[in-house]
Amino acid sequence: MHPEATITEIDNVVAEVEGKGWQTHISQGSGMTVIGLQGKGQPLDSFYIGQMPGVRDSMLVTAKFKLGSRVFRPEDTSFQIGDVTVGSDQFVVIGGPCSVESREQILEIAQAIKKSGAHMLRGGAFKPRTSPYSFQGMGEEGLKLLAEARELTGLPIVTEVMSPTKVSLVSIYADVLQVGARNMQNYDLLNAVGRAHKPVLLKRGMSATLADLLMAAEYILSHGNNRVMLCERGIRTFDNKYARNTFDVNGIAMLKEITHLPVIADPSHGVGVRRHVDAISLASVAVGADGLILETHPNPEKSISDGDQSLTLPQFDQLMGQVRAMAEAVDRTFPKI
Ligand code: PEP
Ligand code: MN
């Protein structure tokens with residue numbers, strides 16, 4: 001719609017297309033109103049629509065992904081989780097272990113990262129391990145421990161759900177449902193988290209293109225769950241001798257351009273080497289990520305999973321200071337909770 005279009009003109013267009021069976025998504029931003037159409041309505045006469053009072057332009061969104069596209073919704077999507085607003089000027093940090101290992105471990109980490117300024121607590125209770133012989137997670141017991149840690153610190157919980165049949169169980173405890181890299185194209189799971197009433201952290205598959213990631217997000221969005229965060233966590237390339245994965249800094253910049261969804265960076269899995277997690281974290285802030293998810297452990301050598309990439313608690317604390325400075329340098333705020 002034209003920037004000066006009146007409410008009545010907007011309403012008239014909405015009534016016209018809804019009368020033809022289309023669903024509308026209205027977004028206001030960049031000084032104008034965009035009426036996005038979705039569904040399977042009757043064919044529309046785009047010339048007629050284009051001539052309606054107040055209409056600036058009508059176009060077919062040819063990108064395969066629509067709901068996640070900035071064409072559909074020019075302004076950033078932001079939503080509140082606990083005391084912070086993801087996708088806003090606020091830069092958010094999620095910290096915690098790869099896996100919940102024990103009550104002592106998760107409570108110690110939760111208290112320490114809270115003190116260092118983290119905004120959410122991560123920890124896997126259901127773990128997607130490359131080997132079936134590796135630790136598979138504590139299951140529901142781990143979820144209960146996460147809930148206890150939230151009780152103690154007030155930090156919202158981010159935890160992975162691996163199967164559609166577990167979405168309702170994990171949703172009882174979690175504040176954010178994590179879909180892991182290995183499950184990015186598990187469409188039954190994407191549909192299930194799309195129907196859940198929880199924000200979703202969708203990790204990029206190891207061999208997924210940005211378009212694949214956006215199409216996976218589209219599954220979730222198509223169910224009306226708009227609270228989706230995308231997560232860059234490193235991809236597989238030809239070079240895996242030194243770093244565990246290749247962290248795609250480009251991808252973060254590109255995603256911020258083509259989608260309105262918040263983008264979270266995971267340098268822990270992205271580089272996989274503890275001593276490089278700080279530099280990659282700062283690069284992520286600089287390139288425009290909306291937040292970080294960082295693995296941290298009181299004793300990484302003893303960690304049951306991903307110890308090589310987990311920060312110690314003092315390292316996490318030190319990094320928080322640097323992240324704050326970098327966030328402020330790129331005009332973000334680092335909320336204190
Ligand atoms: C994790 O967050 O611990 C994890 C398993 O991540 P990913 O799915 O990115 O490998
Ligand atoms: Mn991990």
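Bear in mind the structure is a predicted one, so any value in this text is a computation, not a measurement. Atoms within each ligand, like the ligands themselves, are counted from 1 in listed order. Residue numbers count from 1 along this sequence.
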Quick one: which ligand 1 atoms are inside 4.0 Å of a heavy atom on Ala181?
7 (P), 8 (O), 9 (O)
Applying side chain to side chain contact (heavy atoms under 4.5 Å, CB included) between Leu37 and each of Val14, Leu60, Val17, report the one that passes.
Val17
Using the side-chain hydrogen bond (donor to acceptor under 3.5 Å, both in side chains) rule, take Thr333 and Gln90 through it: C-alpha gap first, then chi angles, then the decisive distance, then the call.
CA-CA 5 Å; Thr333 60; Gln90 299 184 348; 5.0 Å; no
Is there a heavy atom in Lys127 that sits closer than 4.0 Å to ligand 1?
yes
For atom 2 (O) of ligand 1, which candidate among Met206, Arg122, Glu160 holds the nearest heavy atom?
Arg122
Arg233 heavy atoms, cut-off 4.0 Å: which ligand 1 atoms fall inside?
7 (P), 9 (O), 10 (O)
For the Mn ion (ligand 2), find the closest N/O/S atom belonging to Glu295 and write down its atom name.
OE2
How close do Val84 and His119 get, counting heavy atoms only, and between which atoms?
CG1-CD2, 3.6 Å
N, O or S atom within Asp306 nearest to the Mn ion (ligand 2), by name:
OD2
Are more than 12 heavy atoms from other residues, nucleotides or ligands located less than 6.0 Å from atom CZ of Arg103?
no
Can you tell me which residue and heavy atom of the protein come closest to atom 4 (C) of ligand 1, and the distance to 0.1 Å?
His269 NE2, 3.4 Å
With the side chain counted from C-beta on, respond yes when Phe334 and Val323 share a heavy-atom pair under 4.5 Å apart, and no when they do not.
yes
Kindly indicate whether the side chain of Leu155, heavy atoms from C-beta on, has any atom under 4.5 Å from the side chain of Arg150.
no
Working to 10°, measure the angle at the Mn ion (ligand 2) formed by atom NE2 of His269 and atom SG of Cys98.
170°
Just going by heavy-atom distances, which of Lys203, Glu295, Glu232 is nearest to atom 6 (O) of ligand 1?
Lys203
Salt bridge flag under 4.0 Å for residues Glu75 and Arg73:
yes
Could you tell me which atoms of ligand 1, counted from 1 in the order shown, lie closer than 4.0 angstrom to a heavy atom of Cys98?
3 (O)
At less than 4.0 angstrom from any non-hydrogen atom of Gly180, what atoms of ligand 1 do you find?
8 (O)
State plainly whether the residues Asp212 and Arg204 are in salt-bridge range, i.e. N to O under 4.0 Å.
no
